[in-house]
Amino acid sequence: MAVSSNLLLFSASLLFFIVSPSIQASFRPKALVLPVSKDVSTNQYVTQIKQRTPLMPVKLTIDLGAQSPWVDCEQNYVSSTYKPARCNSAQCILARSKACGTCFDGPKLGCNNNTCSLLLSSTKVATSGEVAQDVVAVQSTDGKSSGKVVSVSKFLFTCGSTFLLDGLASGVKGMAGLGRSKVSMPSLFSSAFSFPRKFAVCLGSSNGVIFFGDGPYSFLPFNIDISKSLIYTPLILNPVSTAPASFEGDPSSDYFIGVTGISINEKPVALNKTLLSINKEGHGGTKISTVAPYTVLETSIYKAVVRAFIKEIPSIPRVPAVAPFGACFNSKGIGFSRVGPGVPTIDLVLPNKVVWRIFGFNSMVRVKEDVLCLGFVDGGLEPTTSIVIGGHQLEDNLLQFDLAATRLGFSSSLLFRQTTCANFNFTTTA
C-alpha cells in the first residue's frame with residue numbers, strides 16, 4: 001500500500017512540474033472559465049483558448065470524452081515556445097504513450113525524431129500525433145464573473161493533422177479534450193494551479209460556459225449559485241476504451257453513469273436491462289457526449305422509448321418523420337411552459353432513487369414551424385455504448401464532473417430557475 005501512495009505522490013508532483021503555471025506570485029486563481037458557443041451548421045459546441053508565443057486565439061470543438069486536447073500543427077502553427085515530448089520523458093509517461101519513434105517527414109513542428117505520440121480522433125477519422133507542450137492562456141474566475149488572464153507555460157497537447165479538421169465547425173483548429181485522463185484539460189489545469197479536480201460544463205442553444213475548478217457557478221440575472229443545488233450520482237469507469245482508436249488495455253476516457261431504467265411520465269419503460277450494464281468487452285452502459293448532437297439509443301431501447309412516449313400523448317397528431325428523428329408531431333396541439341413544449345417527462349433512473357428528469361425543452365426538437373420531433377436517435381442493434389446522452393439533452397443543464405470523488409453533479413433544467421447557460425457574466429475578454 002505504501003508503494004501505491006508513493007506512486008500517487010510522484011504522479012501528482014510530476015504533473016505539477018510538467019504543466020507549471022506562469023502567474024504573478026500575488027495571484028493564483030481558484031478557478032478558470034472558458035466561453036462556449038454552438039455552431040448551428042454542425043451542432044458542435046466550440047470554445048476558444050489562446051496558445052503559443054506570441055499568443056494566438058485558437059478555436060476548439062469540445063469533446064467531453066477525449067483523453068487529450070489536440071490542435072492542427074500542420075497549418076499556420078508558429079510558436080517560439082513549442083517543445084515536443086521526447087521518448088521516455090516525464091511528459092510521455094504522464095500521457096501513458098505507447099508509441100515512440102522517428103518521423104520520416106521531419107524534423108519539423110509536429111514531426112520530430114525521438115518523440116512520443118498519442119492516438120487522437122475527430123468526428124470522422126482517427127490517427128496519431130506528436131505529444132508536445134506550449135503556452136496556453138485562459139481567463140480566471142471567482143465563479144461570478146470572468147477575471148484576469150492566466151497562463152500555463154508547459155501545457156501538454158497532441159499535434160493533429162489538417163485532415164482531422166474535416167467535419168469540424170468552421171474556423172476550428174482542433175478539439176478540447178475534457179476526458180478522464182491525466183492529460184485532459186481539466187487534469188492539466190487543476191494540477192497547474194492546485195485547485196480541486198473538478199470541472200463543470202453548461203451548454204446552451206447559443207452560448208454557454210465551462211468552469212475548471214470548484215464552484216460557485218453563478219448565473220445572471222439573480223447570481224444563483226448552481227453548485228449549491230446539484231444532484232449527485234457516481235461516475236463509472238469503463239475499463240475498456242470506447243475511443244475510435246485505442247491500444248489494447250486502455251481504459252475509456254468517456255464519462256459513464258449508471259442508468260438503471262427509463263420512465264415516461266414516471267411510468268417505467270420495459271427494457272432489456274443487460275444493455276444498461278457494461279460487459280467485459282466494454283460494451284453497453286450509458287455515457288455523456290458533447291459530440292453526439294442528440295441522445296443515441298440502442299435500437300430496442302429506442303423503439304421502447306418512442307412507443308411509450310407516443311402512448312402518453314394520444315391526442316397529438318403524428319406527422320411524417322424528419323431525419324434523423326423517428327417520431328414527429330404537429331406542434332399546434334402542444335402547449336408550452338417555462339421548460340419548453342408540454343410533453344411527457346423522460347426520466348433517466350439512476351442508483352439510490354436518483355432521477356435525471358428531461359423536460360420538453362431538452363426532449364423535443366423543432367424541425368419546421370409546426371413540427372416538433374422527439375430528439376432521440378436510433379443507434380442500431382449493436383452499438384458500443386447502449387445510451388449516449390447527447391448535446392441537445394444537456395443544454396441549459398449544468399453538469400459538474402468531480403474527478404477526485406468520481407461523481408457527477410447535475411442541476412436539471414436551469415429554465416426552472418429563470419436562467420440559462422448563456423447567462424454567465426463574461427465581463428472581460430481574454
Side-chain angles (χ1 to χ4, degrees), residues 36-47 61-65 123 167-169 175-176 178 200-210 254-255 257 259 262 264 286-298 301-302 305-306 309-310 313 321-329 331 334 336-348 355-369 371-380 383 385-399 401 408 410-416 419-423:
V36 177
S37 60
K38 185 174 183 178
D39 179 74
V40 291
S41 63
T42 60
N43 284 324
Q44 291 169 13
Y45 302 94
V46 176
T47 189
T61 290
I62 297 162
D63 188 349
L64 181 67
T123 55
L168 297 185
M175 300 187 86
L178 306 179
V201 175
C202 202
L203 305 177
S205 55
S206 56
N207 297 305
V209 60
I210 299 174
D254 280 304
Y255 295 98
I257 56 173
V259 172
I262 298 175
I264 310 289
T286 301
K287 74 176 185 180
I288 304 169
S289 171
T290 56
V291 292
Y294 307 101
T295 292
V296 184
L297 305 174
E298 182 274 342
I301 298 174
Y302 174 79
V305 167
V306 170
F309 188 87
I310 292 168
I313 47 172
V322 178
F325 310 113
C328 297
F329 306 86
S331 63
I334 301 175
F336 281 78
S337 71
R338 182 182 291 169
V339 286
V343 295
T345 55
I346 300 175
D347 291 345
L348 302 179
V355 168
W356 179 337
R357 180 156 291 174
I358 299 170
F359 296 93
F361 175 83
N362 294 107
S363 65
M364 306 301 288
V365 178
R366 184 173 294 283
V367 294
K368 296 178 184 176
E369 188 178 345
V371 178
L372 283 170
C373 296
L374 182 62
F376 291 72
V377 177
D378 186 343
T385 304
S386 299
I387 300 175
V388 179
I389 304 172
H392 183 73
Q393 280 66 43
L394 304 177
E395 287 180 1
D396 291 325
N397 286 250
L398 183 136
L399 306 182
F401 298 83
L408 171 75
F410 59 96
S411 65
S412 194
S413 179
L414 297 186
L415 301 178
F416 269 125
T419 191
T420 71
C421 288
N423 280 353

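Quick note: residue numbers are just sequence positions, from 1. Side chains included, hydrogens not; waters and symmetry mates left out as well; all remaining heavy atoms used. None of these values were measured; they are calculated from a predicted model.
The two atoms that bring G390 and T295 nearest to each other are N-OG1, 3.1 Å, heavy atoms only. Contact detail for S206 and A422: the closest heavy-atom pair is OG-CB, 4.5 Å. Smallest separation of non-hydrogen atoms from F329 and I334: CB-CD1, 4.3 Å. Taking all atoms of both residues into account, the shortest heavy-atom contact from S289 to V388 is CB-CG1, 3.5 Å. Taking every heavy atom of both residues into account, A200 and L398 meet most closely at CB-CD2, 4.2 Å. V371 and C328 get closest at one heavy-atom pair: CG1-CB, 4.0 Å.
Atom OG1 of T420 sits about 8.0 Å away from atom CZ of F361, to the nearest 0.5 Å. Interatomic distance, CG of L64 versus OH of Y255, reported as 6.0 Å (0.5 Å rounding). How far OG of S331 is from CZ of F336: 6.0 Å, rounded to the nearest 0.5 Å. Separation of atoms CD1 (I358) and OG (S412) is listed at 9.0 Å; rounding is to 0.5 Å. One finds the CG atom of L297 at 9.5 Å from the OG atom of S386 (value rounded to the nearest 0.5 Å).
Within the 3.5 Å criterion, the main-chain N or O of H392 finds a donor-acceptor partner in the side chain of N362. Side-chain N or O atoms of Q393 include none that pairs as donor or acceptor with a backbone N or O of F376 at under 3.5 Å. Put simply, the side chain of Q44 gets close to the backbone of A169: a donor and an acceptor are under 3.5 Å apart. The backbone N or O of I62 lies less than 3.5 Å from a partner atom in the side chain of T290, making a donor-acceptor pair.
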Worksheet item: Where do I387 and I262 land on the side chain to side chain contact (heavy atoms under 4.5 Å, CB included) test, with the steps shown first?
Response: CA-CA 11 Å; I387 300 175; I262 298 175; 4.1 Å; yes
Discussion item. Does L178 form a side chain to side chain contact (heavy atoms under 4.5 Å, CB included) with F401? I'd like the steps, not just the answer.
Written reply: CA-CA 10 Å; L178 306 179; F401 298 83; over 6 Å; no
Item to complete: Output, in order, the C-alpha distance, side-chain angles, deciding distance and verdict of side chain to side chain contact (heavy atoms under 4.5 Å, CB included) for L168 and M175.
Response: CA-CA 9 Å; L168 297 185; M175 300 187 86; 4.1 Å; yes
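Ring-plane geometry between F325 and Y294 is classed as perpendicular, the angle between the planes exceeding 60 degrees on a 0 to 90 degree scale with a lower cut at 30.
Residues satisfying the side-chain contact (heavy atoms from CB on, under 4.5 Å) criterion with P383, sequence neighbours excluded, are E298. In this view, N207 satisfies the side-chain hydrogen bond (donor to acceptor under 3.5 Å, both in side chains) rule with no residue, not counting sequence neighbours. Applying the salt bridge (Lys or Arg N to Asp or Glu O under 4.0 Å) test to E395 and every residue at least two apart in sequence or in another chain returns K38. For T345, the side-chain contact (heavy atoms from CB on, under 4.5 Å) test picks out N265, D347, R357, F359, with sequence neighbours left out. In this structure, D63 has no salt bridge (Lys or Arg N to Asp or Glu O under 4.0 Å) partners at least two apart in sequence or on a different chain. Partners of C421 under the side-chain contact (heavy atoms from CB on, under 4.5 Å) rule, at least two apart in sequence or in another chain, are C202, D396, L414.
The closest side-chain heavy-atom distance from I288 to L408 is below 4.5 Å. Inter-residue side-chain proximity for W356 and I389 is flagged as met; some heavy-atom pair is nearer than 4.5 Å. Here the side chains of I346 and F309 are in contact, with some heavy-atom distance below 4.5 Å. Taking the side chain as every heavy atom from C-beta outward, T61 and T42 never approach each other to under 4.5 Å.
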